[in-house]
Amino acid sequence: MDTNKRDIVSYSSMISCYANNGNSSKAVNMFVELLHQDGIFPNEYCFTAAIRSCLDSGFFETGLGLFGFVLKAGYFDSHVCVGCELIDMFVKGGGGDLDSARKVFDRMREKNVVTWTLMITRLAQFGFHGDAIGLFLDMLVSSGYVPDRFTLTGLISVCAEIEFLSFGKELHSWVIRSGLALDLCVGCSLIDMYAKCGLIRDSRRVFDGMVDHNVMSWTALINGYVRGGGGQEREAMRLFSDMMLQGCVAPNCFTFSGVLKACASLPDFGFGEQIHGQSIKLGLSEIDCVGNGLVSLYARSGRTECAQKCFDVLFEKNLVLCSGVDDDASVKDSNLNSEQDLDRKIDYTGKGASSFTYASLLSGAACIGTIGKGEQIHARVVKMGFGTDLSVNNALISMYSKCGNKEAALQVFNDMEDRNVITWTSIINGFAKHGFATKALELFYDMLQTGVKPNDVTYIAVLSACSHVGLIDEAWKHFTSMRNSHGIVPRMEHYACMVDLFGRSGLLSEAIEFINSMPFDADALVWRTFLGSCRVHGNTELGEHAAKMILEQEPHDPATYILLSNLYASEGRWDDVSAIRKRMKQKQITKEAGSSWIEVENQVHKFHVGDTLHPKAKKIYEKLDELALKIKNVGYVPNTDFVLHDVEDEQKEQYLFQHSEKLAVAFALISTPNSKPIRVFKNLRVCGDCHSAIKYISTVTGREIVVRDANRFHHIKDGKCSCNDYW
DNA sequence: GTAGGGTTAG
């Protein structure tokens, strides 16, 4: 078309067309061309399309210029849509410049329900929940507009986020009064709101009252049950299978993420593979949150190889770093060019990754304990401009904590400008898990002082901090104040922490009394905790009772059989030990294979008991012999209770020195001859003899050794451990 | 012909 003959209609339709088809830079160019035409003045359609295109193609400056134009042209007063686009330009393009957006909003003389809703939801999305609610009230009082399904959905999710139940209920009744109860989105937000406020029954009621369901309503409820924890994961699994059976709605990646979490929390991991299979079928298995769920499921069920495979897929997909570091030559090679290599590969794949991608990847790295890859992701996060993202930083804190580097976790925490309840909970939990209760509690008090409200998860972290070091009075104080001062009703997990606290301190009868006084029946988690204490304090009678209670609920739980068998073994009741073994055989229950792994130069080395497959096996065993001699000289006495074989003592002792933890430590000593802490990971609980042997090893070598097992961290230095586990 | 909503992090 000849440029001279274009009129405003053809310009506006072409600009809109480019803008809608993702060709935003062409749209911007055409708009600029239009500005240079005499006698033609852009209309409101051109403006909206052009502003949107500036946003999409990152021309924020051009967008700002347009803003001035709009003001001059007076489009503000007559065209609401233009103002909406401008608001979003400041919010999305201006890196969350809510102040400017709000100024635009306030200057608009013409507003409608869409404008109000937009401003309210943008405030909420950027964490200004109070302002969002305030603006909503303004809207009711002064605008004369009636909130519609969009407004209500947005507001209900604000209530979910800040657990503002009373207001949420008001909104719910509004929803019913205005006949919006059947709206799917409104229903989803209500399900989510009740679940986040801890009223899962009300979520269920909303769900059951809806005539139609889509993947989001199913997912919201499934994830609600998962979030609730305390055995509700079974209900989540049931819902998932209902959903699959009905076959009308296909699960999406969020559904899988929730259901995998549910699966990982159940003692029988059997469903995991089926779900993995289904996610592959639907082509979702490599999406961050699904892959990540698979990583943590496999990691928790001790299948480290599967976990690593899934993690590597995600890692490669998102970072594609340093491929081919398998042999020594290429390690050296890639070290030479690693910086450039990294950059090139980042350029290649870096686009499109969101903050959730990084949060997911970090949580995968945390599960495996691969701090090397975690650090690479960290570097990448900063490079890609997510360095100040709240979720990403929260994920970084938990990654460094779980990889055993609490100093780095604290560094991230200290460098953060904004901290929410998850941030505080993550760092408190980090120190709690590492056995540094004083620091954890100090942080908790800091948190209260800054005015961030603790929630139920925070209290789990606080109580577990107390239980790890036996602070009974302190724990009681928080257990009572969580309800009295913060209105948080203790859940099963909180009770489990208290039982753990009594149990560890040897107050077994107090623990039983506490269990009996609970307002609901103790679940397997509570009994398992108690059984652990019975094993530690050698109380067979109570231990048997606990085991009975667990097996009533979870007849196939291998850990219970093993604990009970250890309990008998420690008393030399070998007949009972073999009876347990027989029972396990009959029921076809196999003990999870214990394995330990460590990361050396970005590579994970994994060991099983008696492993001879490692290329350096010979050296490892030589090192172990040397260590055995040294530590016996300074007082180590092998504790063969942990060897379940009915063999002679001497053989037992030999077997003891082939435990995977010791192999990993020995390997670390020969391959990292510097003073850095050694970080060992174990899928199950660390064996008591290994715990004691490693303490002695730290004495004779002067090395700090951090062991992460299924439960917690053991910081071992100069013969002392940060935990109060009694072996 | 242009604008607004619901799920994932501890």
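Computed from a predicted model, the values in this text were never measured in an experiment. Chain A is the first sequence line, chain B the second, and so forth, proteins listed ahead of strands; every chain is numbered from 1.
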Should the pair A:K406 and A:F431 be classed as cation-pi, given the thresholds of under 6.0 Å to the six-membered ring centre and 45° from the axis? no

For residues 409-418 of chain A, dump all side-chain donor-acceptor pairs below 3.5 Å to protein atoms at least two apart in sequence or in another chain.
from	atom 1	to	atom 2	distance (Å)
A:Q411	NE2	A:D415	OD2	3.3
A:N414	ND2	A:L410	O	3.3

Between A:N223 and A:G258, which heavy-atom pair has the shortest distance, and what is it? OD1-CA, 2.9 Å

note: A:L396, atom CG; B:dG10, atom C1'; distance rounded to Å ~ 14 Å

Please determine if A:K373 forms a cation-pi arrangement with A:F311, meaning its NZ or CZ atom is less than 6.0 Å from the six-membered ring centre and no more than 45° off the ring axis. no

Specify the separation, in whole Å, of atom CH2 of A:W424 and atom P of B:dG10. 18 Å

Categorize A:S12 for me: base, sugar-phosphate, or nothing, with a 4.0 angstrom heavy-atom threshold over every strand shown. base

Quiz: residues 181-193 of chain A side-chain donor-acceptor pairs under 3.5 angstrom, not counting sequence neighbours:
from	atom 1	to	atom 2	distance (Å)
A:D183	OD1	A:R149	NH1	2.5
A:D183	OD2	A:C185	N	3.0
A:D183	OD2	A:V186	N	3.0
A:S189	OG	A:C185	O	3.4
A:S189	OG	A:V186	O	2.8
A:D192	OD2	A:K196	NZ	3.1

Please report, rounded to the nearest Å, how far the C1' atom of B:dT2 is from the CZ atom of A:F31. 13 Å

Base, sugar-phosphate, or nothing: which does A:N455 touch, judged by heavy atoms less than 4.0 Å apart? base

Reading nucleotides 3-8 of chain B from 5' to 3' and marking B where a protein heavy atom lies under 4.0 Å of the base, S where only the sugar-phosphate is that close, and - otherwise, the string is BBBBBB

Using the rule ring-ring contact (aromatic ring centres under 6.0 Å, His included), only one of A:F47, A:F59, A:Y45 pairs with A:F31; which is it? A:F47

